[in-house]
Every structure is written in structure tokens, then in C-alpha cells.
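What follows is one structure encoded as C-alpha cells, with my remarks underneath.
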Amino acid sequence: MTVTRFAPSPTGYLHIGGLRTALFSWLTARHNGGEFLLRIEDTDMARNSEDAKDAILKAFAWVGMSQDGEVVYQSKRFELYTKYINQLLDEGKAYKCYMSKDELTALREEQMANKERTRYDGRYRDFNGTPPEGIEPVIRIKAPQEGIITFDDGVKGEINIASSEVDDFVIARADGSPTYNFVVAIDDALMGLSDVIRGDDHLYNTPKQIVVYNTLGFKLPNFYHVAMINNENGKKLSKRDGATDVMDYKTMGYLPEALLNFLVRLGWSHGDVEIFSIDEMIELFDPKNINKSSSNYNIDKLLWLNAHYIKNSDDDKLVSMLLDFGVDLRENDKASEILNATKERGKTLVELAEQINLIINAPTSYDEKASKKAFKGEAKEILNTFADMLVLASPTTKEAFHSVMEKIVAEKEIGFGKIGMPLRVSLMGSMTGSGMDEIMSILGVSETIARIEKAIASIA
RNA sequence: GGCCCCAUCGUCUAGCGGUUAGGAUCCAUGGUUUUCAUCCAUGUUACCGGAGUUCGAGUCUCCGUGGGGUCACCA
């Protein structure tokens, strides 16, 4: 069975890049009818944070990526890790190293000065003597000293790393707590992972983890190392490049399906297809098609996708999402008309909310440039006449409002703009926006006239 | 610095030895729209460089160059 996982360390919010690898893992599991597991890597007690863990879970909930089974916390599995540490110690596959931190630093500095790779020199590997006083030992695993560690990466192809590059790394700290590469290998093996999909910043951890797999006799999963997402200049993505916290996208008015669609296309594609529903992603995704090269983050396409998903969202869904942006259309019997008039004008929910507010709230001021242009000449008189005509005709539909506009144009022998411009500014406060007839039919005759009168009053 | 990975329009990408190098986004122009947006149409723009293999190379090999990653008692 296909089993994948996402294994964040709770040291901060969920990063956009992390979400993408999680998405790839999730899609792989769902595509194969397998399981997607979530594991919190909280072995470093000093850096863990409960808030960070909650933030990550919250982000997952927002995008709708569901995990199978309980969330696994490594901090609750120390007994298990200790068991394996003792086992390796007993079997002579791991050993205590009494090197002090100062000695280690000195060794590193010397290697650095000689322009060598910095690595532990194995001085306690076969130590039988009396341990030095006052040093709490760390436990190191015996890594192979010669040969090549090789594995077939599902994204990058065959990777070969000389064993000499992998030293006897620490598997348990002086305080007895296990370290990352050790517990990851154990958990991935015990949790039955078939496919490990992660960022390629972990590529160099893989040979270390393979050492653990091999010494413990575990079966290797398939590895997929996904290249990073960089900023537009190809540099590491940082907060300066825009939002990196997944939840920021929620507050900026992005729909989760747009974000996911955007992310799935970063490093993966399926022919010329750009728009993927969640179901289509699940159906078509294959980690073997993940690109080798890193991709650059650029918000343009996300914006385009978001606009697309807003345009194609159900009204009910938009109404409920809009609540977070200060617009409550739940009791509005014109909700559907309002949404129809505005859907295509907002690339984000923030913009959509602005557009809607322009309709449901009377303008408190008039755009200076627009009013100067629109409220000149006989505008005042035309607006007055138009208001009178509205009272007489008392239109209710968009079409009826439109014919009143046509009527005034015909009777007064004026261009459409003569009524259109002042009317638009009267109703919306600016020169742009939805169709006039559409807006008036939403507002109704009395509100329309109220806004017109208010505008007339403002004309000197 | 050692080791590892990567390299097609500005950006996301298709390509898998023979294509006018395709699509999307962005940008520009035109059309639709009383306006804006949407939508439609058109256009500009790319194989990092150099050798080699081959009848033929974006595609294979090597060498450069550039970028990224990694070298913890962090994860």
C-alpha cells in the first residue's frame, strides 16, 4: 500500500514550500488509495512550540488536506527510540563518544583550515579504555567506512554518495534524547512509509538515514526529493518576497483550491493543462513527473487562478467565505445578483468584498476626478429628470432599468455617456464598476433615487 | 572550500535525436462593454557557453559558467 507523510517540525508556521511537498505527498497517497500520515517532529524540546504545531494543523484544515489516522508526535515516542539506541549499543553497531564539544569544535576548525570536509574522525569508534572524567557521552552510529551509498531517487535519478562523506553521526545527545536522522528513519520505517516525498534540502540526510535503515534491517522506501521554490530572482524565498505563511493567503483572500492549483503546477505539469480541480489533481498526479529543477515563485499566476476560482465558485460558498472579509450577504435576498455583478471584478476575496461594498453601501464621497468629469454641464438636470422617470416607470428588473436609461437618452437626445457617467458616479462614487442597470435593479428604485438625490445635492 | 543537485520565453512549463520549439501567465494592441472588469483575437519574448557523438542535438557525452542545496549534541 502507498503510504506517504508530511513531517514538519513545529518551529514556525506552515511555509508555502512545505505545503507544496505536503500536497505532493497527499496527492500520491490519494491517487493510489493509500494513506497520508502527519508526523510532528518535535524531538528538539528547546525549539518546539505548541502554537507552531497548532498553526500547521490549522493551515492543513484550511486547504482541506486530510490526514489519515492520528497525528504522530515524536516527543511521545522517546521510549521506542531509546530501545533502538540500546539495541544498537548492545550489538556494537553504535558506541559512546566522549569527545567534548570543545574538542569537536577544534577538530572542525582544523579540518576547515585544511579545506577538508568537516566530519567526526571516529576516535571513539573502537574505544575500550577508561572514559574521561566529567563527560556525558553522546551515542554515535557506526556508519560504513568505505564504499558508496547509493539510492534511486524518484525525482533526481540515481544518487551516489561516498561513505567517506557520511561520518559516525550522533544518534543520541548527551542528555539521551535521540536526533533527527535517527528518529526519522525509524518512524518512516515503522509507520510503513512506501514513498518519502520531501524537499531536496534533505537529499544529504538520505544517506545518513539509509545507514540507520540498514543497521536496523529496515526496508527502504522510495525517496523523492523535490527541488525548492525560490523567489523570482532564483534566490531563497523569504518574507521579503511576499507571503510565505500559508495562512497569510487566507487573509489575503485566496481560495484554497487556487493556492493548491498554483502549487501543484510548481514543479509538476500534465501536458498543457493549467486548471486542476482537486479531483483532477488526484487522478493525474504522479510523483515520477516531478521536475528536477527548482522553480521560482511568482504571484501573477496565483492571482489569475484565484480570479478563475472566484468566478466559478458557488454563491453559497462565496457568501460564507466573504464573512471573513466583512461582508455578510446571508440575509440579503439580492445576494445572487450582487455576486453576479461583482464576481468577475475581484481577483481576491478582498477585492470582491470591496466591489460588493461599493454596491451595498452608498458612496460617502465621490472620486474627485470622476465627479469633476461627470457632474458638469447639464448633469444635474439630467439626473433629476432620470429620477422622475424612475418614479413613473418603477422598474424592478435589470432590463426595465435599462429601458429607462434608453428612454432618457432618446427623449433628451443625448449620448449614453451623458446619463451613464453622472449616474455611475452618483451610485458608486467612481467611474468604474458593474453595469448600471444591474446595480440599479439590485438597489431598487428608492435607494437608487436616494443616491441620485444625494449626488445632486453635492453638485454645487 | 569538499560533496551533491539543477539549467527552454521575465515567470510557470511542454518537449523525451528530425517540431515554423507548443501552452499558460505577464506585457502590448485590437474587438466586445455607456465605464471598469470579464471574455475573444493578435503580437513581442526562450533552448547559458564551448567542444564532441550523429546524416541530424533543446534533447546524448564531456568541459566550462551560473544558480541552488548540504557539511550540528537543528530539524
Side-chain angles (χ1 to χ4, degrees), chain A residues 7-11 41-44 46-48 74 97 99 101 104-105 108 111-120 136-140 153 155-157 159-162 164-167 169-181 183-184 199-207 225 227-228 230 232-236 262 265-275 291-305 307 311 341-347 351 355 370 374 405 409 415-421 423-425 428 430-437:
Chain A
S9 59
T11 51
E41 314 240 301
D42 51 356
T43 54
D44 185 1
R47 301 200 331 176
N48 290 339
Q74 291 188 321
C97 169
M99 198 171 183
K101 286 192 180 181
L104 199 54
T105 310
R108 254 200 284 279
Q111 288 168 332
M112 219 103 91
N114 292 336
K115 297 191 172 176
E116 291 169 22
R117 171 175 161 77
T118 54
R119 63 195 301 281
Y120 174 66
E136 275 302 316
V138 297
I139 315 288
R140 290 180 181 273
D153 189 278
V155 174
K156 311 255 185 200
I159 305 288
N160 298 299
I161 311 248
S164 57
E165 291 291 318
V166 181
D167 60 8
F169 59 94
V170 173
I171 58 172
R173 303 183 182 89
D175 67 4
S177 63
T179 60
Y180 174 76
N181 282 117
V183 299
V184 166
D200 74 357
D201 48 340
H202 286 290
L203 195 66
Y204 244 69
N205 287 143
T206 308
H225 288 95
M228 304 275 92
N230 293 128
E232 188 137 21
N233 302 316
K235 302 292 181 191
K236 194 175 176 132
F262 171 70
R265 285 285 290 100
L266 242 38
W268 178 83
S269 63
H270 185 263
D272 286 342
V273 185
E274 295 287 346
I275 309 277
N291 287 171
K292 291 178 169 195
S293 53
S294 58
S295 38
N296 293 355
Y297 173 92
N298 176 296
I299 201 155
D300 286 339
K301 210 150 195 172
L302 209 209
L303 234 23
W304 172 72
L305 282 165
K311 270 181 285 182
T342 52
K343 257 182 187 179
E344 288 171 355
R345 279 158 225 284
K347 286 188 189 298
E351 289 178 11
Q355 291 294 326
M405 289 182 77
V409 166
F416 224 115
K418 287 277 188 209
I419 175 64
M421 281 200 294
L423 183 58
R424 175 175 296 288
V425 177
M428 317 270 295
S430 81
M431 206 77 107
T432 62
S434 315
M436 294 284 78
D437 45 11

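So that the names make sense, note that chain A is the first sequence line, chain B the second, and so on, each numbered from 1.
Rounded to whole Å, the distance from NZ on A:K347 to C1' on B:C36 is 12 Å. A straight line from NZ of A:K343 to C1' of B:A37 spans 15 Å, rounded to a whole angstrom. The nearest whole Å value for the distance from the CG atom in A:L302 to the P atom in B:C26 is 12 Å. Atom CD1 in A:I419 sits about 15 Å away from atom P in B:U35, given to the nearest Å. Spacing between atom CG of A:D153 and atom P of B:C4 amounts to 15 Å, rounded to whole angstrom units. Residue A:K156 contributes atom NZ, which lies 18 Å from atom P of B:C3 at whole-angstrom precision. Here the P atom of nucleotide B:G2 and the CD atom of A:Q111 are 15 Å apart, to the nearest Å. Rounded to whole Å, the distance from CG on A:N298 to P on B:U13 is 11 Å.
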Under-3.5 Å N/O pairs linking protein and nucleotides 14-20 of chain B:
| unit_1 | atom_1 | unit_2 | atom_2 | d |
| --- | --- | --- | --- | --- |
| B:A14 | OP1 | A:S269 | OG | 3.2 |
| B:A14 | OP1 | A:N291 | ND2 | 3.3 |

Using a cutoff of under 3.5 Å, can you pull out all pairs of nitrogen or oxygen atoms linking the protein to nucleotides 39-41 of chain B, with atom names and distances?
| unit_1 | atom_1 | unit_2 | atom_2 | d |
| --- | --- | --- | --- | --- |
| B:C39 | OP1 | A:K311 | NZ | 2.8 |

Mind listing the N/O atom pairs, protein and nucleotides 66-73 of chain B, below 3.5 Å?
| unit_1 | atom_1 | unit_2 | atom_2 | d |
| --- | --- | --- | --- | --- |
| B:G67 | O3' | A:K235 | NZ | 3.3 |
| B:G68 | OP1 | A:K235 | NZ | 2.9 |
| B:C71 | O2' | A:R117 | NH1 | 3.2 |
| B:C71 | O2' | A:T118 | O | 3.0 |
| B:C71 | O2' | A:T118 | OG1 | 3.1 |
| B:A72 | OP2 | A:R108 | NH1 | 3.4 |
| B:C73 | O2 | A:A174 | N | 3.0 |

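Of the nucleotides present, B:G2 is the one that pairs with B:U70 by Watson-Crick or G-U wobble criteria, both distances under 3.5 Å. Pairing for B:C26 is absent, judged as Watson-Crick or G-U wobble with the two contacts each under 3.5 Å. Both distances falling under 3.5 Å, in either a Watson-Crick or a G-U wobble arrangement, occur for no nucleotide opposite B:U59. Applying the Watson-Crick and G-U wobble criteria (two distances, each under 3.5 Å), B:A7 pairs with B:U65.
Salt-bridge check for A:E351 with A:R345: failed, with every basic side-chain N at 4.0 Å or more from each acidic carboxylate O.
In this structure, the side chain to side chain contact (heavy atoms under 4.5 Å, CB included) partners of A:D153, at least two apart in sequence or on a different chain, are A:F151, A:V155, A:K156, A:I159, A:L203, A:F223, A:H225. Residues passing the ring-ring contact (aromatic ring centres under 6.0 Å, His included) test with A:Y180 are A:H202, sequence neighbours excluded.
Using a 4.0 Å heavy-atom cutoff across all strands shown, A:G415 reaches no nucleic acid atom at all. Residue A:K301 is classed as a base contact, given a heavy-atom separation below 4.0 Å to a base. Among the protein residues, A:S434 comes within range of the nucleic acid bases, having at least one heavy atom under 4.0 Å from a base atom. Residue A:S9 is in sugar-phosphate contact alone, with no base atom involved, counting any heavy-atom pair closer than 4.0 Å across all strands shown. When heavy atoms are screened at a 4.0 angstrom cut-off, A:L303 is found touching no nucleic acid atom at all.
When only modelled atom types and interatomic distance are considered, A:N291 and A:S293 share no side-chain donor-acceptor pair under 3.5 Å.
Comparing B:C5, B:C12, B:A37 by their closest approach to the side chain of A:R345 singles out B:A37. For A:S293, the listed nucleotide lying nearest its side chain is B:C6; candidates were B:C26, B:C6, B:U34.
For B:C60 and B:G15, the C1' atoms lie 15 Å apart once the distance is rounded to whole Å.
Mapped onto RNA chain B by nearest heavy atom, A:N296 and A:D437 fall at different nucleotides, with A:N296 at the one closer to the 5' end. Taking the nucleotide of RNA chain B with the nearest heavy atom to each of A:G267 and A:Q74, the more 5' of the two is matched to A:G267.
At least one side-chain nitrogen or oxygen of A:S295 sits closer than 4.0 Å to the OP1 or OP2 atom of B:U13. Between A:T43 and B:A75 there is a side-chain polar atom (N or O) within less than 4.0 angstrom of OP1 or OP2.
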- [ ] Using a 4.0 Å cut-off on protein heavy atoms (strictly under), produce a 5'-to-3' string for nucleotides 43-49 of chain B with B for base contact, S for backbone-only sugar-phosphate contact, and - for none.
- [x] -------

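Counting non-hydrogen atoms of neighbouring residues, nucleotides and ligands closer than 6.0 angstrom, the NZ atom of A:K418 reaches no more than 12 such neighbours.
The base of B:G23 sits with one of its N or O atoms less than 3.5 Å from a complementary donor or acceptor on the side chain of A:E274. For B:U35, its base sits under 3.5 Å from the side chain of A:R424 at one donor and acceptor pair at least.
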